[in-house]
Amino acid sequence: MLPAELSIAKAIEFHEIIGSKRKQDRLFYLKNYWMEELEKVPNVIIHTSFNQEFSGALGAFSLKNMKLGDVGKRLMNDYHIHTAAKSDKHGKYSGIRITPHVYTKISELDRFVNAVKELAKT
């Protein structure tokens, strides 16, 4: 068996223990945590709603002073933070997607926030 197949039962058990509502609330909290830290930083643009009715765990941002691809490369190369650059086919949307998980620590988000603050200054 593949490791992914072996882990399915444990993943389902973990989900059932914490429950969908607690998981949703935790993910929403983590997303808003980093977005609130960055929303007033010069050169940072937040592309995701703070309202739980319109957003969940995923958030996106961009920097006015840096190309999208460069932001992702710098976060990975300089800070070892993995992100995903996303854009639509029509050029109406582009941003760096941030996807915390229930086990993401606040200290990890603080490290990310500090990295973005540094990049926003350059």
Side-chain angles (χ1 to χ4, degrees):
M1 291 189 112
L2 297 171
E5 292 171 328
L6 294 171
S7 64
I8 290 172
K10 287 291 184 189
I12 292 170
E13 180 183 346
F14 177 71
H15 179 77
E16 289 175 346
I17 289 170
I18 64 171
S20 295
K21 177 72 172 126
R22 284 179 63 202
K23 182 176 180 180
Q24 179 183 2
D25 289 347
R26 168 75 176 164
L27 293 173
F28 182 74
Y29 167 79
L30 293 171
K31 188 258 315 176
N32 273 10
Y33 178 86
W34 71 261
M35 288 184 9
E36 287 168 1
E37 292 291 317
L38 292 176
E39 74 173 322
K40 293 183 179 142
V41 174
N43 291 323
V44 173
I45 302 168
I46 301 294
H47 297 287
T48 307
S49 175
F50 286 87
N51 186 328
Q52 195 167 12
E53 183 178 351
F54 302 113
S55 68
L58 307 180
F61 78 99
S62 59
L63 295 179
K64 294 177 187 176
N65 62 324
M66 193 176 292
K67 292 180 182 178
L68 194 64
D70 293 340
V71 175
K73 286 178 189 174
R74 292 283 307 275
L75 286 170
M76 177 55 91
N77 295 336
D78 298 355
Y79 304 97
H80 307 289
I81 297 172
H82 176 74
T83 60
K86 299 293 180 185
S87 59
D88 68 357
K89 294 178 184 177
H90 309 289
K92 293 181 181 179
Y93 167 80
S94 65
I96 300 290
R97 186 184 75 202
I98 305 302
T99 314
H101 204 296
V102 292
Y103 51 76
T104 300
K105 298 175 186 173
I106 296 300
S107 62
E108 293 170 322
L109 290 177
D110 287 339
R111 190 169 67 81
F112 161 71
V113 165
N114 290 330
V116 173
K117 285 179 178 179
E118 287 181 29
L119 293 178
K121 290 179 189 176
T122 60

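Values below: all heavy atoms of this structure, side chains included; hydrogens, waters and symmetry mates excluded.
The hydrophobic cluster containing F50 also contains F112, counting ILVMFWY residues as joined when their side-chain heavy atoms lie under 4.5 angstrom apart, directly or transitively. There is a path of hydrophobic side-chain contacts, each under 4.5 Å, that joins L27 to I18. The hydrophobic clustering, which links ILVMFWY residues whose side-chain heavy atoms are closer than 4.5 Å, places L68 and M66 together.
Here the closest non-hydrogen pair linking L58 and R97 is CD1-CD, 4.1 Å. For the pair L119 and V71, the tightest heavy-atom approach, listed with the atom from each and the gap, is CD1-O, 4.3 Å. The minimum heavy-atom distance between P100 and A57, with the atom names listed, is CD-O, 3.6 Å. Counting all heavy atoms, side chain and backbone alike, G72 lies closest to I96 at N-CD1, 4.0 Å. Contact between S49 and S55 at its shortest, heavy atoms only, is O-OG, 2.8 Å. Listed here is the closest heavy atom pair of K64 and I45: CG-CD1, 3.6 Å.
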Task: Worked check of side-chain contact (heavy atoms from CB on, under 4.5 Å) between F61 and T83 - done: CA-CA 11 Å; F61 78 99; T83 60; 5.6 Å; no

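Between atom CG of residue L75 and atom CD of residue E118 there is a gap of 10.5 Å, rounded to the nearest 0.5 Å. Here the CD1 atom belonging to I46 is positioned 9.5 Å from the CD1 atom belonging to I98, to the nearest 0.5 angstrom. Taking CD of E39 as the reference point, atom OG1 of T48 lies at 12.0 Å (rounded to 0.5 Å). Atom CD in E13 sits 14.0 Å away from atom CD1 in I8 (nearest 0.5 Å). The distance from the CD1 atom of I12 to the CD atom of E16 is 7.0 Å, given to the nearest 0.5 Å. One distance of note links CD of Q24 with CD of Q52; it measures 5.0 Å at 0.5 Å rounding.
Remark: E108 does not engage R111 in a salt bridge, criterion side-chain N to carboxylate O under 4.0 Å.
Using a 4.5 Å heavy-atom cutoff, the side chains of K23 and H101 are in contact. Side-chain contact between W34 and V116 is absent, with no heavy atoms from C-beta onward closer than 4.5 Å.
Just one of Y33, F28, Y29 meets the side-chain contact (heavy atoms from CB on, under 4.5 Å) condition when paired with K31; it is F28.
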